[in-house]
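Data block below; observations after.
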Amino acid sequence: MNPAILKYWGLRGRWIGWRNHVLASPRFQRFAQRCWLTRPIARRRATALFDLVAGFSYSQILAACVESGVLRLLAERPHASAELAVRIDVPLAGAERLLRAAAALGLVEPLGAGWALGSAGAALLGNGGISEMIAHHHLLYADLADPLGLLRRGGGGGALSGLWHYAESAGQSGSDVAAYSALMAASQPLVAGQAIDAYRFDRHRRLLDVGGGEGAFLRAVAARVPCLQLGLFDLPPVIARARARFESMGLADRTTFVGGDFLRDPLPEGYDIVSLVRVLHDHDDTLALALLRAIHAALPSGGVLIIIEPMAQAPGAVRVGDAYFGFYLLAMGSGRPRSASEIRAMLIAAGFRSARQRRTAMPITTSLVVAIK
Ligand SMILES: C[S@@+](CC[C@H](N)C(=O)[O-])C[C@H]1O[C@@H](n2cnc3c(N)ncnc32)[C@H](O)[C@@H]1O
């Protein structure tokens, strides 16, 4: 390596250069595969690298399992291949190919002459939101077919941005509102449970969920904290759907519904805690900061803002924040995943007196930052 480069990047740069030189060398790779001491590490690393190479194929096998309903059928009881082939309307050879592939991924497992649900399949079915995510991923993957093109044009403009485009037109399109809100509501239990375990909402009297969609987060908190008064703010067509849902569940008299655009309209006052669940990362920095300032203005002194979303650089979940959501939001055409420390800095810039991160059990779905005015 050029000594000037080594000087600029320091000791760590020198170490990385040397390490990569060794790892890329066919001679070292052959040695690592042959030596009993390094063989397990070499195999692990080769598998991890191959998983990166083959990730899209795995995702499509998963999509076929969800779309065909094969996992649900196996959750009812084990099935023989021929029976499954008929039920999912795929020729026997195709069904067996899918089942073998799904078994390799832990989604199903062989049982005698047939097949049972695998442990990863059972975990997936136990979280309804995951199937919904998988079902809409064809939009994301269509946009990611040309990742460099997407990066060069700055994101958006594809299939996924169409799904949430209603927010940019202040919720004018009813069918888009329904599809997007339903997806959000289905995946909300993955998030709400984590947040409720990590933060004591029973310290508060009135909770306003801004960008709260159909109110799935509010309903989850309401079930845990019966005396909390609820407020829901979202675009008017989303609020109409939420109101109907709350009425059918007998929760409407505990809840104030406010339809509006949080980028233009003032937020309702009189709440001692405001939540922003999977909203901040949807917006570019200028709009995100404006939203934090608007919430700051609406809160009383000592009021709390709680930000709940998957975050960048979350220990143990960097792939979700930086890789998955980084590109998901790029395809959406707006926003970016932020680390907890970036969010804390934005909160202080918006006028909050303190901002702290709270631990959650599953940063893969949920990280949490609490700010006090
Ligand atoms: C990613 S969804 C999150 C929904 C919900 N908080 C959740 O976690 O399931 C973003 C929400 O923000 C709402 N939203 C987007 N732009 C908005 C705006 N300008 N004013 C009010 N709500 C908006 C959307 O309608 C949607 O319900």
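Order of listing sets the numbers, starting from 1, for every ligand and every atom in it. Since this is a predicted model, take the numbers as computed values, not measurements.
Taking every heavy atom of Gly260 and a limit of under 4.0 angstrom, the matching atoms of ligand 1 come to 20 (N), 21 (C). Close contacts between ligand 1 and Gly213 involve ligand atoms 27 (O) [criterion: under 4.0 Å to a heavy atom]. Of all atoms in ligand 1, listed by their number and element, those nearer than 4.0 Å to a heavy atom of Val238 are 25 (O). Interface atoms of ligand 1 facing Asp261, defined by a heavy-atom separation under 4.0 Å, are 18 (C), 19 (N), 20 (N). Close approach of ligand 1 to Val277 (heavy-atom distance below 4.0 Å) involves ligand atoms 3 (C), 5 (C), 6 (N), 7 (C), 8 (O).
Aromatic ring pairs are classed by plane angle as parallel below 30°, tilted from 30° to 60° and perpendicular above 60°; the pair Tyr199 and His204 is parallel.
Atom CZ of Arg34 has 12 or fewer neighbouring heavy atoms from other residues, nucleotides or ligands inside a 6.0 Å radius. Residue Ile364 places its CD1 atom among 12 or fewer non-hydrogen atoms of other residues, nucleotides or ligands, all under 6.0 Å distant.
Polar contact with ligand 1: present for Arg278 (N/O pair, distance under 3.5 Å). Not one N or O of Asp282 is nearer than 3.5 Å to an N or O of ligand 1, by distance alone. For ligand 1, the polar-atom distance check against His283 finds no nitrogen or oxygen pair separated by under 3.5 Å. Taking any N or O of Phe233, backbone or side chain, none lies under 3.5 Å from an N or O belonging to ligand 1.
Nearest heavy-atom pair, Phe352 versus Ile348, reported as atom, atom and distance to 0.1 Å: O-CD1, 3.4 Å.
The closest heavy-atom contact to atom 13 (C) of ligand 1, among the options Ile239, Asp234, Leu267, comes from Asp234.
When hydrophobic clusters are built by joining Ile, Leu, Val, Met, Phe, Trp and Tyr residues whose side-chain heavy atoms come closer than 4.5 Å, directly or via intermediates, Met346 is not grouped with Phe325.
Within the model, atoms CD1 of Ile88 and CG of Leu98 stand 5.5 Å from one another, a figure rounded to the nearest 0.5 Å.
Side-chain contact check for His137 and Tyr328: no donor-acceptor pair (N or O, by modelled atom type) lies under 3.5 Å.
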